[in-house]
Amino acid sequence: MARQSFEELLESLRGRVPAEPDHPERADALRLLRAGRAVAEEQPVPRAWLRRAEGLLAKQRPSRFRLVFDTWFQPQPALRRAPMSDAPRFLRFEGPNALDLEITAVPGGVRVMGQLEPPGGHDAVQLRVGDIEIEVPVAPDGTFRTKKLPRGSATMRIGAARIEDIPL
């Protein structure tokens, strides 16, 4: 005689089909059946509580931006007037907002200019390069501009969202 399938074993434990007493998965099936009955007896969580919990988690969960464009990785024309190191670098990120960055070399470092789309959602962005951490105000039109920053790997925070390892 062939062994019962797991589904048949569950049905036998519920009394719907004859039981196979020495089935190797009998103990697991009994635990699963008891757990299912316990869950069925519980009252559902009210929908308002679930929506409130989802809202709280959404506010706490950091969002991620993803790089969608970087001039460093785009084909360059055969003839260039300026060396690559002097040319501004343009980056575009998508995430909770769209973010455009222009990184321009200045004597002794770089300057970062940015544009958040849609504008008006944030008062400031935070930038960290090495030990330097600054907060840069965002204008009502969504633009911001840093003073001179050292070259290095930067982390930017915009509200709960962050962008890591931006090479400056």
Could you give the distance from [atom1] ([X]) to [atom2] ([Y]), rounded to the nearest 0.5 Å?
X	Y	atom1	atom2	result
Ile166	Ile103	CD1	CD1	6.5 Å
Ile158	Leu99	CD1	CG	4.5 Å
Leu127	Met156	CG	CE	4.0 Å
Glu102	Thr143	CD	OG1	12.5 Å

What are the two closest non-hydrogen atoms of Phe93 and Phe65, and how far apart are they?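 Looks like CB-CD2, 3.8 Å.
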Could you report the tightest heavy-atom contact between Pro150 and Val129, atom names first, then the distance?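 Reported closest heavy-atom pair: O-CG1, 3.6 Å.
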Would you give me the side-chain donor-acceptor pairs under 3.5 Å for residues 131-140, sequence neighbours excluded?
{"unit_1": "Glu133", "atom_1": "OE1", "unit_2": "Arg128", "atom_2": "NH1", "d": "2.7"}
{"unit_1": "Glu135", "atom_1": "OE1", "unit_2": "Gln126", "atom_2": "NE2", "d": "2.9"}

Which residue is it: Thr71, Leu101, Ile163, Val68? I am looking for the one with a side chain to side chain contact (heavy atoms under 4.5 Å, CB included) to Leu91.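 Of all the options given, the one that passes is Leu101.
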A side-chain contact here means heavy atoms from C-beta on lying under 4.5 Å apart; do Asn97 and His122 qualify?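 They are in side-chain contact.
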Using the rule given for side-chain contact (heavy atoms from CB on, under 4.5 Å), can you reason through Asp165 versus Thr155, listing the C-alpha separation, both sets of side-chain angles and the distance that settles it, and then say yes or no? CA-CA 6 Å; Asp165 302 323; Thr155 298; 5.5 Å; no
Would you list the atom pairs, donor with acceptor, under 3.5 Å between side chains in residues 108-118 and any protein atom, with sequence neighbours excluded?
{"unit_1": "Gln115", "atom_1": "NE2", "unit_2": "Asp141", "atom_2": "O", "d": "2.9"}
{"unit_1": "Glu117", "atom_1": "OE1", "unit_2": "Arg92", "atom_2": "NH2", "d": "3.4"}

Begin from the C-alpha positions of Arg89 and Asp70 and carry the test side-chain contact (heavy atoms from CB on, under 4.5 Å) through to its verdict. CA-CA 7 Å; Arg89 180 180 183 193; Asp70 184 345; 2.4 Å; yes
